[in-house]
Amino acid sequence: MKNVKKLLFGLLCCAAVYNMSAQTTLIPTGSSWKYLSNGSNQGTAWKGTSFGDTSWSSGLAQLGYGDGDEATTLSYGTSSTNKYITTYFRKNLTVTNPTAFVNYTMNVRRDDGVVVYINGVEVYRNNMPAGTVSYTTKASTACSDDGSTFLTSTLTQAQAGFVAGTNTIAVEIHQNAINSSDISFDMSLVGNATAASTIKHIRWGSSNNPLEGLTVTWRNTGTTSQIKWGYTTACEQGTFPAVVRNGYADKFYNYTFPTVTANATIYYQLYDAPAAVWTSQKTYQTAPSVTSTDFSFLAIGDSRSGMSVWNQVAALANAKTPDFTIYTGDIVNSGSSATDWDSWFNNGTSFIENNLVFHSLGNHDAASVPTYQNVFELPKSVPTTGTNLYYSFTYGDAVFIALNSEDPANVTQYNWLVSTLEANSAKKWKIIFFHRPFYTIGAHAGEMNSYFGTWWKAFDDYGVDLIVNGHDHMYERTKPLNRNISTTAPVAQYGSQPGEGRCQIVCGGAGAPLYTGTANWFVQSYQSKYHFCKFDVTATGICSTTYDNNGAVIDSFCLNNGTGKISTTTSASQQFYPIKIAPNPVVDVFSLEYDSPDTGEAFIKISDMNGNVVLSKKASKTERKFNFKGDLSKYGKGVYTVEITVGNQKDTSLLILK
C-alpha cells in the first residue's frame, strides 16, 4: 500500500512540478555526441559551427574507457602506456529563443580535464592549465573522483552566447598522463527562465524517531531561508523560517516538523533568498505509525571514496522505499574534506533527498568530528544535553542503538548502553549499529577484542538480536554467537533467549575498495561484493535481504517470532551443524565431514567470493555423519564458501585454497 500511495502521490507531484517549472532541459545526461578519439591534432577549427564532423563517430554518454560504466567505449590508441591525451566531442543544439532564458545550468562529468566551447568561444574550463590549450596539453592533475561527479556551473545569457537557431557545443577532454587508466565524459544543460535556485544537498534526519523530530536540512548561501509545506500540493500547513548555521561550506538551514502524520506525503518547497526564488515542489513519504509492528529499514556503510559505486547503491536503495536507514559509518574518505562531502551528496542525491538516515561515526568521518555532527540531524543520548555520537530511538517493538566505536573505552558511553538496554529489555527486537565489528575475517579483525568484556557482554546479557557494522569492505554474517556459552564455537540458533546467539552483520560495501578475508569458525555467509542490506520487520519476524550493486540477492535469512530461529528461502526453521574440512588450508585434495540428523540427497556446492560456483556435486547421505572428498587443484588461491544442503537444512563453512 505504501508503494502504491507513493507512486500516486509522485505522479501528482510530477504534474505539479511540470506546471510550475521554470527550467527547460536542452541537453539531458546520457545524450548522443559526435566524437573523435584518434590522437590527431584538430587545431582550432573543430570548435566552430561550420566545421564538418560527418566523418566523426557518434555514441551515447557516458563516453570513455577504463571505469566499466561507459555507454560508449572510446579508443586510446594501440599502446596502454602511450595513450591519446585529447579526445574531442561535438553536438549541435537548436535554441528557438535564447532571450527566454536568463541563464543556464551546465553539469559536466570529466576525467581528467575539460574545456567547453559554445559556437567556438570558450565558456568553461576545469582541471586544465591557464593559457592556450593544444592537443598535447595535459590536465593539471589526475581526477580524484574518477569522473564520477558532475561539476555544476551557471552560464549567464551573455556567457553562453546562444543564437536563435543552430548552435554548436564543443568539448575537449584531456588526460593527465599518457598512461592514465581512464577517461569519462557526460554533460547536461538546462535553460532557466527565471533565476535558478542554488539550494542543494537536501537531507533528512531526526532528533527522535522517524515521525517525531523529523528534520529536513539543506545548503545555500545567504543568511535566511524558509520552507512551506503541507499534506497537499497547496502546502496548507504554511510558511516557516528555517534555522541557519555555518556549514563546511556556505550555510546549512534546517526545519524540524511537528509530529507528522504517518503514511502520508509531505509536499514542500524551499526558499532561496539570494536568488529570490522557491524551489520546485518536492515530496517526502513519511513512515508508518511509531506503534506499527510492520516497517522496513536499510543498512548501508563505507561509501567513502567509491563514488561511482555509491551512485549505483544510492539509486538501488532508494528504489527499495525503506521507512528509514541506518548507516554504519565511513560516509566519506575524509570528514575534514569539503570536496569529499560534496561528492557524497552529489552522487547520492536520489537516495539522500528522499530518505531518513540515522548515522554512526566511522574512523574516516572522525577526521573532523565537529563537521560530521554538524552535517546531520541526529538524536542525542540524553535530550538537549547529551551527544549525538551515540544515541537510541524506539520504533514499533524495536529499540535501535547507535554506538561510537571510535571511543569504545568511554565509561560514560558503556554505562549509557547498559542503562538503555535495561530500559528497553521488554522490547521484542534489540538492534545495535556501529562502525568497527567485533567478529570479522577482514583486515580489521581484532580491533574490538578489548571490549568483549564490556560491550559484547552487554549484548549477550540483554539478548541483542542484531548487530550491524561496517569498516571491513565486504558482506559478512556470523553464525549465532553467545560468549556467555562459548568463545570458540557458535550456539545452535539466533535469538534473544539465554541459550541463543547474536547475529552480527558486516555491511561495508557502498563504495570503498573491497576486502577479502580468511576462513574462521564464526562465519555463516561472506561475499566480497559491493552491497546494501534491507530488513523487513513484522509482528513475527525480521527478514533480511542483501543486494549487490547490480541488484542481485547475495544473502537472505529471517529471525522469527522474537526467538531468533533462522529461516532461509527454503527452510522454515534451521539449526546450525558443523562442516569440518581437512586439511584447511587446502593445497588441492580435501575431505569434509558433515554432522547433521538429516538424511537423503545431499548437494555440495563450493563457490568463490564473487559467488561463482567452482564445484557442484550430489551425493546420498544415509547416516548422521557424512563424508565427501574433493579436488580443487584447477582453481586459484583464495577463500571459498562450502555449502551443504540436505532437504530443508543448509549449512556453510569457509575453505582456504593455498
Side-chain angles (χ1 to χ4, degrees), residues 2 5-6 9-10 13 199-220 225-231 235 237 240 242-245 247 251-270 279-290 295-301 303 310 313-315 317-329 331-332 341 344-360 365 372-380 388 391 393 395 400 402 433 510 532 534:
K2 175 182 174 182
K5 288 174 64 179
K6 189 170 184 176
F9 280 126
C13 172
I199 285 175
K200 56 186 175 181
H201 300 175
I202 298 169
R203 72 212 80 149
W204 293 84
S206 179
S207 59
N208 191 352
N209 61 46
L211 296 180
E212 300 162 340
L214 182 67
T215 301
V216 61
T217 303
W218 61 96
R219 173 179 161 182
N220 198 13
S225 192
Q226 300 176 77
I227 182 174
K228 55 184 176 182
W229 71 280
Y231 298 108
C235 294
Q237 297 296 315
F240 305 91
V243 176
V244 61
R245 64 182 185 273
K251 300 287 185 182
F252 289 167
Y253 300 87
N254 68 270
Y255 171 77
T256 299
F257 295 83
T259 299
V260 296
T261 302
N263 288 316
T265 297
I266 292 175
Y267 297 86
Y268 70 99
Q269 291 177 259
L270 306 175
T279 64
S280 60
Q281 193 167 79
K282 302 175 181 294
T283 62
Y284 174 82
Q285 181 71 24
T286 67
S289 167
V290 293
F295 61 92
S296 68
F297 66 96
L298 302 185
I300 302 174
S303 40
W310 166 231
V313 169
N318 184 58
K320 300 301 179 185
T321 61
D323 295 310
F324 58 91
T325 295
I326 58 176
Y327 212 104
T328 58
I331 307 159
V332 292
W341 285 109
W344 184 76
F345 277 110
N346 293 340
N347 283 280
T349 299
S350 61
F351 175 78
I352 300 166
E353 192 167 306
N354 294 292
N355 290 276
L356 169 62
V357 183
F358 293 93
H359 289 274
S360 59
D365 311 322
Y372 165 86
Q373 292 179 294
N374 191 41
V375 168
F376 303 110
E377 183 69 25
L378 299 169
K380 292 181 178 180
N388 62 4
Y391 59 86
F393 63 93
Y395 192 71
F400 290 81
F433 61 105
F532 66 97
K534 184 181 182 186

For [Y], does its backbone N or O pair with a side-chain atom of [X] as donor and acceptor, under 3.5 Å?
X	Y	answer
T215	G213	yes
N254	V216	no
S303	I331	yes
T286	T261	yes

Q: With rounding to the nearest 0.5 Å, note down the distance linking CD1 in I227 to SG in C235.
A: 8.5 Å
**Q.** Distance, nearest 0.5 Å, that separates CD of Q269 from NZ of K282
**A.** 9.5 Å
Q. Does the side chain of V357 reach to within under 4.5 Å of the side chain of F351, using non-hydrogen atoms?
A. yes
Q | Contact check, side chains of N355 and N318, non-hydrogen atoms, under 4.5 Å | A | yes
Mutual orientation of the aromatic rings belonging to [X] and [Y] [parallel < 30°, tilted 30-60°, perpendicular > 60°]:
X	Y	result
W344	F376	perpendicular
F345	H201	parallel
F393	F324	perpendicular
F297	F400	perpendicular

Nearest heavy-atom neighbours spanning [X] and [Y]:
X	Y	value
Y391	H359	OH-O, 2.7 Å
Y395	A287	OH-CB, 3.3 Å
A317	P322	O-CD, 3.7 Å
Q237	G230	CG-CA, 3.6 Å
Y267	Q281	CD2-OE1, 3.6 Å
F358	L356	CE1-CD2, 3.8 Å

**Q.** side chain to side chain contact (heavy atoms under 4.5 Å, CB included) against T259, all qualifying residues, sequence neighbours excluded
**A.** E212
Q) Of all residues at least two apart in sequence or in a different chain, which pass the ring pair (Phe, Tyr, Trp, His ring centres under 6.0 Å) check with F257? A) W204, W229, Y255
(Q) Given the ring of F252, does R203 sit roughly above its face, with NZ or CZ under 6.0 Å from the centre of the six-membered ring and within 45° of the axis? (A) yes
